[in-house]
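The figures that follow rest on heavy atoms only: side chains count, while hydrogens, waters and symmetry mates do not. A note on names: the letters A, B, ... follow the listed sequences, proteins ahead of strands, and every chain is numbered from 1.
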Protein chains: 2
Amino acid sequence: MGDTRAPGQRAGLTRDAILRCARDVLSEQGIDGLTMRSVARRLGVAPNSLYSHVAGKDTLVDDLLDDVLGEVAEPRTTEPAAGLRQIMTSTYEVLLRHPDLVPLYLARQGSRGGNAQRLGEIMLDLLDAAGIAGPEAQEARRVLIVYTIGFAAMTTGSTSDAATSLLSRDVLAANFTTGLDWLLEGILATSDNQLPPHSL
Amino acid sequence: MGDTRAPGQRAGLTRDAILRCARDVLSEQGIDGLTMRSVARRLGVAPNSLYSHVAGKDTLVDDLLDDVLGEVAEPRTTEPAAGLRQIMTSTYEVLLRHPDLVPLYLARQGSRGGNAQRLGEIMLDLLDAAGIAGPEAQEARRVLIVYTIGFAAMTTGSTSDAATSLLSRDVLAANFTTGLDWLLEGILATSDNQLPPHSL
DNA sequence: TCAATTATTGGACAGTGTACAGTTTAACCA
DNA sequence: TGGTTAAACTGTACACTGTCCAATAATTGA
């Protein structure tokens, strides 16, 4: 650790580098191990240095969560049922890829960052194409989001629970899809323009 | 605050009093305001005193969560669909009565205390009566729990979201029931002994 | 009545997020 | 090229957190 820097000497710090590092620390040390100081230490930098690139710990975590949502694939169709199933499934897969983040999403009830907003609007567009708009659309969206994050938490969490480990990821993922289809069926059934019967 | 106590003088502290007080602090000051010191201050006691009745902050919060689950009413029937609907609805209502706790349930993925265990076993019994046992029963239970807590979070959370406040609690509660029935329908349909058609 | 246990305190420690005031570097404009 | 300005980074420090330790008073039981 001989490479101490005098005040003023640049370290080449970057908002992205900090986010990446925070993600690494989180996955290696868990949520309790994620501190400004631990991130700074791993970057070989004084804790305060982070504040030149990040507003604070809360927004760091917020940014972290929203950053990951950038991995969610946009749906490749404008057909409501298929599009919604695609976007939710992609979200579910992204969450499974970052198990450590899932409890954070739950505690903060999602994310309000740019990526979250973008995905949210895509969902509203799809719902609108199904004839669902206004408050009902907002609600349907929240149902889908809660279901997806909740299910990811179920798939992901508490490996200490003996009963859980008996269930394979695949089984749970399959159940995610069937439950999602139940929800979509129910949501889209409230629409005025009914869908063609076999669209699900 | 003249009533300082010398070391050794009893304050009549109680585990239950501490839990109740912690709940009050939580609902008034939010999760960030819930500290050992704030609870102790409100009880007119030194922070360390709490450690004679509670193992630490983590278990305090755990106990708090499980304590509230004691309010959930046991189902008044052994008929699976009705019983499950009763127990989940009661849980949902209890959660709505304690909105501040909901994010904590989410972050900790439920509760592992005695009350949680009792309720969980009642659910398994009901599922068993419907011919669902083993891993499928575990999974069905988790689906129901995640759905219920998740929906409570949706009903409860983020009053800052302008769109949300347009939806009344009643509308959301009604939606909880319909979604719950979808899930029950789907879960119980996987059973071998089919239910009589109109049992839902 | 005396001993043992328990509840409570003051004081302290390590760790947290973050503000402040400096120092160096890089960027920009003459 | 040189001088000015803005930004990156540091050391130090503060208020706050959860929790341990040793001392003390009250309670309990024999």
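Between the CG atom of B:Leu13 and the P atom of D:dA26 there is a distance of 17 Å, given to the nearest Å. Going from atom CG of A:Leu60 over to atom P of C:dG17 covers 10 Å, rounded to whole Å. As rounded to whole Å, 15 Å separates atom C1' of D:dA7 from atom CZ of A:Arg5. Rounded to a whole Å, the CZ atom of B:Arg15 is 17 Å from the C1' atom of C:dA7. D:dC9 atom P lies 8 Å from atom CD1 of A:Ile18, rounded to whole Å. To the nearest angstrom, C1' of C:dT6 lies 19 Å from OH of B:Tyr51.
One cannot find a donor-acceptor pair under 3.5 Å joining the base of C:dT8 and the side-chain atoms of B:Arg10. Evaluation of atom-type donor-acceptor distances gives no pair under 3.5 Å for the side chain of A:Asp32 against the base of C:dT16. Between the base of C:dG17 and the side chain of A:Asp58 there is no donor-acceptor pair shorter than 3.5 Å.
For the pair B:Arg141 (side chain) and B:Leu127 (backbone), a donor-acceptor distance under 3.5 Å is absent. At distances below 3.5 Å, not a single donor-acceptor pair connects side-chain atoms of A:Ser38 with backbone N or O atoms of A:Leu34. Judged by distance alone, with hydrogens and angles left aside, the side-chain atoms of A:Thr35 form a donor-acceptor pair with the main-chain N or O of A:Arg37 at under 3.5 Å. For the pair B:Thr59 (side chain) and B:Gly56 (backbone), a donor-acceptor distance under 3.5 Å is present.
The aromatic rings of A:Phe151 and A:Phe176 stand perpendicular to each other, their planes meeting at an angle above 60°, with 30° marking the opposite boundary.
In terms of position along DNA chain C, the nucleotide closest to B:Ala11 lies nearer the 5' end than the nucleotide closest to the other residue of the pair B:Ala11 and A:Leu34. Place A:Arg37 and B:Pro47 on DNA chain C by their nearest nucleotides, and B:Pro47 ends up nearer the 5' end.
Here B:Gln9 reaches the OP1 or OP2 of D:dA26: one of its side-chain N or O atoms lies under 4.0 Å away. In terms of phosphate contacts, A:His53 brings a side-chain nitrogen or oxygen within less than 4.0 Å of OP1 or OP2 of D:dC9.
Distances from the side chain of A:Met36 to the nucleotides C:dT8, C:dT18, D:dC21 place C:dT18 closest. With D:dC9, C:dG10, C:dA19 as the candidates, the nucleotide lying closest to the side chain of A:Asn48 is C:dA19.
Using a 4.0 Å heavy-atom cutoff across all strands shown, A:Thr35 reaches sugar-phosphate atoms only and no base atom.
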